[in-house]
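See structure below.
Everything numeric here is computed off the predicted structure, so don't read it as measured data.
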2 protein chains.
Amino acid sequence: MCRHCDYKELLKASGLESNSNRIRVMEIVGNSSYPLSAQEISDTIDRTASINRVTVYRILDLLVEKGLLDRISAGDRSFRYGMAPNAHHRHHPHFYCRQCSAMECLSPESVHLDTAFLERTFPGAIEKVEVRLDGICKNCLQKLLK
Amino acid sequence: MCRHCDYKELLKASGLESNSNRIRVMEIVGNSSYPLSAQEISDTIDRTASINRVTVYRILDLLVEKGLLDRISAGDRSFRYGMAPNAHHRHHPHFYCRQCSAMECLSPESVHLDTAFLERTFPGAIEKVEVRLDGICKNCLQKLLK
DNA sequence: CGGCAATATGCAACCGAATTGCATGAATGT
DNA sequence: ACATTCATGCAATTCGGTTGCATATTGCCG
Ligand SMILES: [Mn+2]
Ligand SMILES: [Mn+2]
Ligand SMILES: [Zn+2]
Ligand SMILES: [Zn+2]
């Protein structure tokens, strides 16, 4: 999906050693057209050389902390992971289907969000803005109608 | 906090019997200046006549389903509950402090969000839009600096 | 009122996603 | 080679929240 990203380079740029597990996780997330759960990432990894579930969680934590990945709230109690905004990936909103729990990335232009005023006046430190739309996805809508 | 809301009336209007437990939950949520966790609601209830934890969860589920309350994703794995948008409560964004896990309601005008285009063109059904800002709250910022 | 169905509540057990503790394995530096 | 640091695996645990099922309360009809 993303042929712009040199994951090894991205890791280096964030001051992280780039081992094969980290690169694998970055690739899987970067290649996905929608944000992935830790479970989905782990399952994908298991199709080649498997990494322990806990290690995957720890790698995800690390990559989020270093700002390479975004941890995204789904409408349920789980998290999804996607590329953090960078030169090649603009910040964008997501859609969550409460029927099938699938998430979709929406285009950066799909909604207009202006936080400039708040950023200037809010007394705390704003680090991230998350916009999530909830509802029923196209697929589930069709199934429900018949 | 909200002297506009007749909770008994709101329940009735949504086709729900209004018993004391439901009214109690509505009051607690409606009187709060920030969205509350089920735990916080339960703790508040326990200061008077206590209701079983599970019953609180079930009442919350019901009120969310009927559109009286909003279930809001915090930045962690828990939910918060606030009044759903209605005649007296405009839809508004929230702030989540990753340090102390506190949430704040932001004013409806604080950010400008335009989803009109998406609402027209999105192939699924959009039922809800959530805007959450994450960071460090004013309080925690001060503590960190000294 | 009595009888009975429908709802609401309580309690214990359970669940899934994520986290922790601790032992072991790899990598790095001297 | 050896010590130090960092990465990984495995088992056990935590945390919000949910389910199953028994009991209580309510609403409704005669
Ligand atoms: Mn995305
Ligand atoms: Mn609010
Ligand atoms: Zn769906
Ligand atoms: Zn805080």
Side-chain angles (χ1 to χ4, degrees), chain A residues 7-8 11-12 14-26 29 35-46 48-66 68-82 96 98 100-103, chain B residues 7-8 11-12 14-26 29 35-46 48-66 68-82 96 98 100-103:
Chain A
Y7 299 113
K8 193 178 291 195
L11 285 162
K12 279 282 164 61
S14 303
L16 284 178
E17 296 299 322
S18 74
N19 66 30
S20 65
N21 287 346
R22 290 173 187 173
I23 293 176
R24 190 93 188 80
V25 169
M26 284 296 289
V29 174
L36 297 169
S37 65
Q39 180 64 61
E40 289 171 314
I41 294 168
S42 210
D43 288 350
T44 306
I45 289 170
D46 286 346
T48 54
S50 91
I51 309 175
N52 184 277
R53 198 169 61 88
V54 176
T55 303
V56 173
Y57 276 115
R58 285 197 274 234
I59 291 175
L60 289 171
D61 287 348
L62 184 70
L63 298 180
V64 168
E65 190 196 316
K66 293 296 180 180
L68 291 171
L69 298 186
D70 253 2
R71 172 182 282 122
I72 300 160
S73 313
D76 54 29
R77 283 172 24 79
S78 68
F79 292 123
R80 308 297 158 103
Y81 297 87
Y96 171 79
R98 66 174 169 81
C100 67
S101 308
M103 285 197 96
Chain B
Y7 299 113
K8 193 177 290 195
L11 286 163
K12 280 284 164 61
S14 304
L16 285 178
E17 297 299 321
S18 75
N19 67 30
S20 66
N21 286 347
R22 289 174 185 173
I23 293 176
R24 190 92 188 81
V25 170
M26 284 296 289
V29 174
L36 297 169
S37 66
Q39 181 65 60
E40 289 171 315
I41 294 169
S42 211
D43 288 349
T44 307
I45 289 170
D46 286 345
T48 54
S50 89
I51 309 175
N52 183 278
R53 193 169 71 90
V54 176
T55 303
V56 173
Y57 276 114
R58 286 197 275 233
I59 291 175
L60 289 171
D61 287 348
L62 185 70
L63 298 180
V64 168
E65 190 196 316
K66 293 297 180 180
L68 291 172
L69 298 186
D70 251 3
R71 173 181 283 124
I72 300 160
S73 314
D76 53 31
R77 281 170 27 80
S78 69
F79 293 123
R80 308 298 158 101
Y81 297 87
Y96 171 78
R98 66 174 169 80
C100 68
S101 309
M103 284 197 97

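For D/dG17, the OP1/OP2 oxygens have a side-chain nitrogen or oxygen of B/Y57 closer than 4.0 Å. Between A/S78 and C/dA17 there is no side-chain polar atom (N or O) within less than 4.0 angstrom of OP1 or OP2. Residue B/N19 places at least one side-chain N or O closer than 4.0 Å to OP1 or OP2 of C/dT9. At the phosphate of C/dC11, OP1 or OP2 sits under 4.0 Å from a side-chain N or O atom of B/N52. Taking only side-chain nitrogens and oxygens, B/T55 never comes nearer than 4.0 Å to OP1 or OP2 of C/dA8. Of the side-chain N and O atoms in B/N21, one or more sit less than 4.0 angstrom from OP1 or OP2 of C/dT9.
Per the geometry, CD1 belonging to A/I23 stands 15 Å off C1' belonging to D/dA7, to the nearest Å. What separates CG of B/D61 from P of C/dA8 is a distance of 13 Å, to the nearest Å. Rounded to a whole Å, the CG atom of A/L60 is 12 Å from the P atom of D/dT8. Atom P of nucleotide D/dG27 and atom CG of B/L16 are separated by 13 Å, given to the nearest angstrom. Distance B/I59 CD1 to D/dT25 C1': 14 Å, rounded to the nearest Å. One atom, CD1 of B/I72, and another, C1' of D/dG17, lie 17 Å apart when rounded to the nearest Å. Regarding B/I41, its CD1 atom lies at a distance of 14 Å from the P atom of D/dG16, rounded to whole Å. The nearest whole Å value for the distance from the CD1 atom in B/I51 to the C1' atom in D/dT25 is 15 Å.
Within 3.5 Å, no donor on the side chain of B/R58 pairs with an acceptor on the base of D/dG17, nor the reverse.
No side-chain heavy atom of B/R22 sits less than 4.5 Å from a side-chain heavy atom of B/Y7. With a 4.5 Å cut-off on side-chain heavy atoms, B/L69 and B/M26 count as touching. Using a 4.5 Å heavy-atom threshold, the side chains of A/L63 and A/V29 count as separate.
Place B/F79 and B/E17 on DNA chain D by their nearest nucleotides, and B/F79 ends up nearer the 5' end. Between B/R77 and B/R53, the residue anchored nearer the 5' end of DNA chain C, judged by the nucleotide with its closest heavy atom, is B/R53.
Across all strands shown, B/D76 has no heavy atoms under 4.0 Å from either base or sugar-phosphate atoms. In this structure, B/R22 reaches the sugar-phosphate backbone alone: every heavy-atom distance under 4.0 Å involves primed, P, OP1 or OP2 atoms, never a base.
In terms of heavy-atom proximity, B/Y57 sits nearest to B/A38 at CE2-CB, 3.4 Å.
Note that the CZ atom of A/R71 and the CZ atom of B/R98 stand 11.0 Å from one another [nearest 0.5 Å].
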